[in-house]
Amino acid sequence: GILARHRRDPSRLLQILLAIQDQLGYLPPPAITFVAERLQLPRARVEGVAGFYSFLHLEPVGEYRVLFSDNATDRLLGNQELLETMCQKLWVEPGKVSEDGLVSVTTTSCTGMGDQGPALLVNGMPVTMMNHQRVNEICELIRHRKPLSQWPSEFFRVQDNICRRDWLLNSELIPGAALKVAVEKGSAGWLAEVQKSNLRGRGGAGFTTGVKWEACRNAPGRERVVVCNADEGEPGTFKDRVLLTSYADHVFEGMTLAAYAVGAHQGFLYLRGEYRYLLDHLLSVLARRRESGLLGSAILGQTGFDFDIEIHLGAGAYVCGEETALIESLEGKRGTPRIRPPFPVTKGYLGRPTVVNNVETLAKTVLVALEGGETFAAEGTSQSTGTKLLSISGDCAYPGVYEYPFGVEIRRILDDCGATDVQAVQVGGASGTCISSYEFHRSIAYEDVPTAGAFMIFDSSRDMFEVARNFIHFFAHESCGFCTPCRVGTSLLKNFMDKLAVGRGAKYDLVDIEWVNRLLKGASHCGLGAAAANPVIDTLVKFRPAYERRLQTLDFEPAFDLDQALAEARQMTGRDDAGAHLTSLEEE
Ligand code: SF4
């Protein structure tokens with residue numbers, strides 16, 4: 001049934017494996033063999049895909065699989081203590097399955113609930129606002145093998161937490177209204193409007209949307225594809241979760257607007273595995289839009305304007321947020337970033353010209369259609385037009401989603417969210433920029449402090465070394481392993497930071513960290529590796545005492561004395577003159 005539903009299409013391999021796992025609990029070897037035979041794929045390919053994604057399991061997992069979100073902000077809220085308590089109460093070691101196969105408890109990367117943490121996923125469902133009482137209740141429910149459907153519904157309540165609305169979050173969209181405006185202008189006229197808006201990608205890189213769309217429209221090939229990147233994996237980001245929850249029509253209408261501009265008939269929304277709980281809601285919005293003639297054939301009665309959207313699920317791989325890795329994943333492969341060029345706009349999904357845009361970018365195109373490109377460009381700054389959604393978490397009174405015109409100063413944001421005694425803000429997630437208190441006059445904009453949306457606040461009681469160490473563990477875990485500098489470099493950095501954390505580091509290690517940073521920047525294949533050392537380098541520069549107080553000695557001390565170790569050899573050869581000592585060689 002599962003294979004037939006997916007038309008035995010190898011490009012749906014990831015979706016097929018997820019569906020099989022839903023039925024069996026994990027992917028036993030016969031299931032891998034079966035899928036490989038039926039899809040006529042090498043078994044190693046199927047196993048390779050199954051082994052790549054952290055939400056796919058080749059070994060049995062607990063009947064209840066608990067994953068504590070382990071972002072730096074979850075740590076501020078005490079997630080580790082809660083995890084330990086849960087493990088003790090359930091008699092299970094962290095990361096292991098209990099002997100009776102009932103439960104496993106471990107950590108995962110940020111689950112996108114930073115505004116209502118500490119959070120966890122249990123069998124894929126998010127539980128927010130964790131505390132000791134909730135841990136006790138969950139342990140009881142698990143011990144009594146209560147199905148999730150019988151758990152208190154408030155456990156699974158995910159709030160939008162919109163704290164500041166501006167243009168987008170204040171806008172109401174009558175489904176189809178923006179499309180009508182675009183269709184009246186014609187596809188070339190609509191594209192020109194997007195170009196006038198100077199809208200730039202909200203996923204972090206800031207590439208101009210109109211330029212991307214035009215390149216795709218002009219690329220040779222008949223079948224074009226629009227992809228919405230809803231793989232919001234950057235630690236500390238959750239604003240796309242809110243858009244997908246409460247502004248799904250904006251997002252789907254934006255995808256359809258993109259399809260109209262580039263001439264695409266096929267669309268995918270790639271939904272991060274952690275947001276799987278939103279799948280039914282998104283499917284129902286899609287169904288409603290189909291019924292209203294806003295998806296399917298001859299949209300709004302326009303012959304040739306045929307477009308539909310499928311939702312593909314991710315499975316816990318941060319690197320899939322990189323657009324070429326995302327395309328590989330959409331094709332049912334491991335999420336390994338591709339070598340560029342060719343760029344996706346000319347050769348993307350299955351070799352077809354493909355536009356990949358972030359959730360927020362697509363939602364913003366609705367404003368461009370409704371208000372006009374020039375009006376859109378008048379908001380924000382000249383290089384960063386429009387507004388930006390921020391996911392604010394950490395040490396502040398009012399964590400949540402805030403929307404500001406670009407150009408807003410960081411200190412204004414801190415005032416608005418009730419943050420006091422702030423020592424640093426990590427803007428843009430783990431790969432972003434650490435802003436210290438003497439930089440709070442800086443502003444959120446591509447030309448100053450760019451961000452995909454994460455804004456994590458740390459007050460003066462926090463240890464910025466530990467924050468950076470958390471981010472390095474994240475990168476070492478999420479490196480896809482394709483290229484050696486990143487695979488080895490992130491793991492080396494993790495080891496350096498762990499060594500410093502237990503007080504075994506020396507000044508020499510700090511020099512090595514800088515060397516690894518240069519290696520990662522210069523030789524990594526994709527942005528993950530290139531940015532992996534950023535949190536350490538930033539904090540080393542801005543919070544150096546946090547590192548230095550951990551150094552056992554400020555100078556390098558070798559673990560053993562090589563000259564002394566050669567004493568026996570000198571005795572045997574009968575040489576003990578100055579030239580036979582390493583110290584004299586160094587002096588020369
Ligand atoms: Fe994979 Fe890291 Fe190389 Fe990117 S830099 S391709 S994440 S190993």
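Just follow the structure's listing: the first ligand is 1, and inside any ligand the first atom is 1. In what follows, every heavy atom counts, from backbone to side chain, and hydrogens, waters and symmetry copies are set aside. Every value quoted in this text rests on a predicted model; they were computed, and no experiment measured them.
Note on residues 315-325: pairs passing salt bridge (Lys or Arg N to Asp or Glu O under 4.0 Å), not counting sequence neighbours, are Lys212-Glu323, Glu322-Arg340, Glu323-Arg340.
The aromatic rings of Tyr277 and Tyr275 sit perpendicular, their planes meeting at an angle over 60°, well past the 30° parallel limit. Using cut-offs of 30° and 60° on the angle between ring planes, the pair Phe465 and Tyr547 is perpendicular. Taking the six-membered ring where tryptophan is involved, the planes of Phe474 and Tyr318 are perpendicular, since the angle between them exceeds 60° and thus also 30°.
Ion pairing between a basic and an acidic side chain is recognised when a charged N comes within 4.0 Å of a carboxylate O; Asp512 and Lys499 show no such pairing.
A donor-acceptor pair shorter than 3.5 Å can be found between the side chains of Tyr53 and Ser329.
Nearby protein atoms of type N, O or S around atom 4 (Fe) of ligand 1 amount to 1 (distance under 2.8 Å).
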